[in-house]
Amino acid sequence: MKRFLVFVVIAFWSYISLLAQDQPNILWINGDDLGAELGCYGNKDVKTPNMDRLAKEGRRFAHAYANAPICSSSRSSMITGMYPTSINCLNHRTVDMRELPEGVQPITSYFQQAGYFCTNGKGGNLSKMGKKDFNFLGDDIFDGTDWTQRKDGQPFFAQVQIHFPHRTFARDEENPVNPDEVTFPSCYPDHPLLRADWAMYLESVQHCDKVVGMVLDKLEKEGLLENTIIFMFGDHGRPHLRDKQFLYEGGLRIPLIIRYPKSIEAGKVDEQLVSLVDVAATSLSLANIPVPSHLHGNVFMGEEAKEREYVFGFRQRAGDAVDDIRSITDGQYKLIWNRMPQNPWMQLSGYKKSQYPAFALYHHLYKEGKLGAPYNQIMAAVRPEIELYDLGKDPDEFDNLAGKAEYKKIQKKLFSTLKKKLKIYEKGMVPESPETIEKAQSSSRKYFENNMKRKGLSGASSDEEIVEYWEKILGVEQ
């Protein structure tokens, strides 16, 4: 009898193993602070042959967005398939972390239950754990760092975390970008220092692309490329002044490319609205794993696909910069709700003051009366409670249409929809106490002081001194 039971168990697991071998692998390639500045997205100043290859062999999404413009909030949302407000993960690097709400768990749990091996590796060295940056408590949710650590024939759900193009930027000696020749974004004032910083960003994007190439080569060498569904995206928008930490296009818009030759038509551009919160649900669905009903994300590919009407954005405290912003877009119009309008756009952010040349430069130019319109809008002492933009006519989001009679119906519809949805997505949200905020700000002040000290500056350094430092670092003639 015992031998019979052993035989049954062995036969069962052999059957499960055979089934598992037929399951597609799922791979998320995550570029840290990667905006949509890629060759396949129309940027002619950057060389991204590997991500362009993914787009050529897969599907490129033209309207993909993060739902939070900062790392930890966005990553917490992605790994759970839940909006960060609903799981108390919106405040960046949450100080008083909590366990996930009852019934909510990282999607690795669902993959593991289905027999998948779950990994999280560092791009360029998969023997090391990749960036997690989750704002919730819990045990390690990964089985390893490299899918080669799995059992023979076992399917995998893997993440490869690429540090680039997060600041500090890295030069690309093989393919340098000339600041004087780039097509400079119109959302920033055309200044030599900002051009040099932008060129360095593009060179860092090129470093990201090289790591993507290493990942593709590894999959191909191991014979896994054709049975692996590859999701390539940025965790949020690009790391520039009016972008990261804000709900404008630069802070939320990301590249999203999916490759899977077995079922995805090559070279197609998909125009539907997609949010990063949708990636978890879609990954489970494509792996033939039931999608839990509580997930906020939509399945946007395959038989269960459902297009979304709106994309939502969320911003709370980011380091020492306390804020409270929500947004909604239908793809044409975007409404931003500043729930702390008394806080200026340029309130102190120790991270940005020490890492972004533009932060000191804007202050310096403004004091000199040299920061012209519309760029001087960001220096205002207060913000409007409501901002409304026509993204087709005004992609830089400078012409606020809120309050104008001809846009009254659009504003009312978007605002009422946003408030209605927030009653669901913010349910159970726990606000930070003054003591917690002070603790976070104290930590940010220490970071700022140490960062400035490493630059040979101090926390008391003037904007002019900081600008001079960056001019020297970036090789800009003074």
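Index from 1, following the sequence. Both backbone and side-chain heavy atoms feed into the values below; hydrogens, waters and symmetry mates do not.
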Charged N to carboxylate O under 4.0 angstrom, Glu426 versus Lys420? no
Are the ring centres of Phe448 and Tyr351 closer than 6.0 Å? no
I'd like to know if the side chain of Thr329 reaches the main chain of Tyr333, judged simply by a donor and an acceptor atom lying under 3.5 Å from each other, with no hydrogens or angles considered. yes
For Lys352 versus Phe359, what's the shortest heavy-atom pair and its separation? O-CB, 3.6 Å
Would you call Arg53-Glu220 a salt bridge at under 4.0 Å N-O? yes
Can a donor-acceptor pair be found, under 3.5 Å and without considering hydrogens, that links the side chain of Glu307 to the backbone of Phe300? no
So is Lys413 actually on top of Phe415's ring, under 6.0 Å and inside 45° of the axis? no
With Ser443, which residues qualify under side chain to side chain contact (heavy atoms under 4.5 Å, CB included), at least two apart? none
With a 4.5 Å heavy-atom cut-off, do Leu34 and Met232 have their side chains touching? yes
Is there a donor-acceptor contact under 3.5 Å linking the side chains of Asp133 and Ser72? no
Would a line drawn from the ring center of Tyr356 to the ring center of His240 be shorter than 6.0 Å? no
Just so I know, are the side chains of Pro176 and Glu203 near enough to count as touching, which here means a heavy-atom distance under 4.5 Å? yes
Residues pairing under salt bridge (Lys or Arg N to Asp or Glu O under 4.0 Å) where one sits in residues 277-297, two or more places apart or in two chains, turn out to be Asp278-Arg308
Are Glu226 and Lys262 ion-paired here, with the side-chain N under 4.0 Å from a carboxylate O? no
Lys/Arg N to Asp/Glu carboxylate O, Asp197 vs Arg167, below 4.0 Å: yes
For Trp198 and Val182, run side chain to side chain contact (heavy atoms under 4.5 Å, CB included): C-alpha distance rounded to whole Å, both residues' side-chain angles, the deciding distance at 0.1 Å, then the answer. CA-CA 9 Å; Trp198 179 257; Val182 296; 4.1 Å; yes
State whether Glu387 and Lys334 are salt-bridged, where the test is any N-O pair (Lys NZ or Arg NE/NH1/NH2 against Asp/Glu carboxylate O) under 4.0 Å. no
Do the side chains of Glu435 and Lys439 get close enough for a salt bridge, i.e. N-O under 4.0 angstrom? no
Centre of Tyr248's six-membered ring, under 6.0 Å away, within 45 degrees of the axis: is that where NZ or CZ of Arg242 sits? yes
Would you say the side-chain atoms of Thr94 pair up with the backbone N or O of Met97, donor to acceptor, closer than 3.5 Å? no
Please check if the distance between the ring centroids of Phe61 and Phe233 is under 6.0 Å. no
Taking the six-membered ring for Trp, are the ring centroids of Phe312 and Tyr425 within less than 6.0 Å of each other? yes
For Val279, does its backbone N or O pair with a side-chain atom of Ser283 as donor and acceptor, under 3.5 Å? yes
Under the rule for side chain to side chain contact (heavy atoms under 4.5 Å, CB included), what residues qualify as partners of Glu432, not counting sequence neighbours? Asn91, Arg317, Thr436, Ile437
Are Arg326 and Asp324 within salt-bridge range, i.e. N to O under 4.0 Å? yes
Ring centres under 6.0 Å, that's the criterion: do Phe157 and Trp147 meet it? no
Given the ring of Phe134, does Arg75 sit roughly above its face, with NZ or CZ under 6.0 Å from the centre of the six-membered ring and within 45° of the axis? no
Pairing of Lys218 and Asp146 as salt bridge, 4.0 angstrom limit: yes
Tell me the closest heavy-atom pair linking Ala170 and His207, and the distance in Å. O-CD2, 3.4 Å
Run the side-chain hydrogen bond (donor to acceptor under 3.5 Å, both in side chains) check on Ser74 and His236 step by step: do they pass? CA-CA 7 Å; Ser74 179; His236 55 75; over 6 Å; no
Expected output: side-chain Thr228 to main-chain Leu224 donor-acceptor under 3.5 Å: yes
